[in-house]
2 protein chains.
Amino acid sequence: MDDLTEMLKGTLEGCVLHIIGNEETYGYAITRQLNELGFTDVVEGTIYTILVRLERNGLVQVTKRPSGQGPPRKFFALNDAGRERLATFWTKWEYLSSRIDNLKEGGR
Amino acid sequence: MDDLTEMLKGTLEGCVLHIIGNEETYGYAITRQLNELGFTDVVEGTIYTILVRLERNGLVQVTKRPSGQGPPRKFFALNDAGRERLATFWTKWEYLSSRIDNLKEGGR
DNA sequence: CCCTGGTACTACGTAGTGCCGAGTACCACT
DNA sequence: AGTGGTACTCGGCACTACGTAGTACCAGGG
């Protein structure tokens, strides 16, 4: 799939929140998971910037743990604010995608 | 619906292309139409910048016509490049939205 | 007769987000 | 010693949507 960059804006962060919400995990693994889920072109750098932002905005709880196969990992888990943000993300997504599908089908 | 700004990035342009594809129309009317379609917070300024971009990128054909109730209108119609861009927009949208819905349902 | 309000477009700057590249660091295997 | 996979950081870039101000035309009310 060619360049989805612009379309991912605003949604990629939500996807990351969702993944973190499923289980405590870390940046590198999130990237691999997204790649497998069809977000093939998403790279580490992008995910790390999102994670830094999430932390800065107080949406996640961070725990550093040794890895055994590389540098220590930073594990992320959602806190209450994060869960709330995730919920509003899905609300927005439902709203937006229904409007757009509607636009496409309805023709006008 | 609260702030959809970030989520609209990359998709709003496609919506505008779609509307123009339905019938030759102009900026102000496009804005009103989007507002009625649920994109309530989209304002003129945003649409005009998109239209300028479409023109600059050679995706539309522009015709100026007097209005009768205000300044002259700039009517926009899709050319071949525009129709092609619209088609790839829908392809991308289908792809992305299916991945995201998949992510939401599948959990992982 | 001005003034408000609706129609219609232009121009400039801002902020947010994803991407890119370079760099650091640890470990396993050859 | 060198390569390759794991794992994170940092700085800058590009693109997009938004906000605000300004211009301009017309109709109707005070």
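Chain A is the first sequence line, chain B the second, and so forth, proteins listed ahead of strands; every chain is numbered from 1.
Taking 4.0 Å as the cut-off between side-chain N and carboxylate O, B:Lys104 and B:Asp101 do not count as a salt-bridged pair.
The distance from atom CG of B:Leu8 to atom C1' of D:dC15 is 15 Å, rounded to the nearest whole Å. Between the NZ atom of B:Lys64 and the P atom of C:dT7 there is a distance of 20 Å, given to the nearest Å. Across the protein-nucleic acid pair, A:Leu4 atom CG and C:dC19 atom P stand 9 Å apart, rounded to whole Å. What separates CG of A:Asn35 from P of D:dG5 is a distance of 14 Å, to the nearest Å. At whole-Å resolution of the value, CZ in B:Phe75 and C1' in C:dA8 are 11 Å apart. Straight-line distance from the CD atom of A:Glu13 to the P atom of C:dC19: 13 Å, rounded to whole Å. Here D:dT6 presents its P atom at 7 Å from CZ of A:Arg32, a figure rounded to the nearest Å. Distance A:Lys92 NZ to C:dT17 P: 9 Å, rounded to the nearest Å.
Judged by atom type and distance alone, B:Lys9 reaches the base of C:dG16 through a side-chain donor-acceptor pair under 3.5 Å.
Between A:Pro72 and A:Glu6, it is A:Pro72 whose nearest contact on DNA chain D lies nearer the 5' terminus. Positionally, the nearest nucleotide of DNA chain D for A:Glu44 lies more toward the 5' end than for the other of A:Glu44 and B:Ile47. Taking for each of A:Asp41 and B:Thr49 the nucleotide of DNA chain C with the nearest heavy atom, the 5'-most of the two is the partner of B:Thr49.
At the phosphate of D:dT16, OP1 or OP2 sits under 4.0 Å from a side-chain N or O atom of B:Arg53. For the pair B:Arg73 and C:dC9, the criterion of a side-chain N or O lying under 4.0 Å from OP1 or OP2 is not met. B:Tyr48 has a side-chain polar atom (N or O) that falls below the 4.0 Å cut-off from OP1 or OP2 of C:dC9.
The residue B:Leu51 sits apart from the nucleic acid: no heavy atom pair falls under 4.0 Å. As judged by a 4.0 angstrom heavy-atom cut-off over every strand, B:Thr46 is placed among the base-contacting residues.
In the hydrophobic clustering of ILVMFWY residues, with side-chain heavy atoms under 4.5 Å counting as a link, B:Leu54 and B:Val43 come out apart. Under the 4.5 Å side-chain heavy-atom criterion for grouping Ile, Leu, Val, Met, Phe, Trp and Tyr, B:Val52 is not connected to B:Val60 through any hydrophobic cluster.
Using a 30° and 60° split on the angle between ring planes, B:Trp93 and A:Trp93 fall in the tilted class, from 30° to 60°.
Judged purely by distance below 3.5 Å, without hydrogens or angles, the side chains of A:Arg32 and A:Asn35 pair a donor atom with an acceptor atom.
Here C:dA25 is the nucleotide among C:dA25, C:dA8, C:dG18 with the atom lying nearest to any side-chain atom of A:Pro71. The B:Ser67 side chain lies nearest to C:dA8 when the options are C:dC19, C:dA8, D:dA7.
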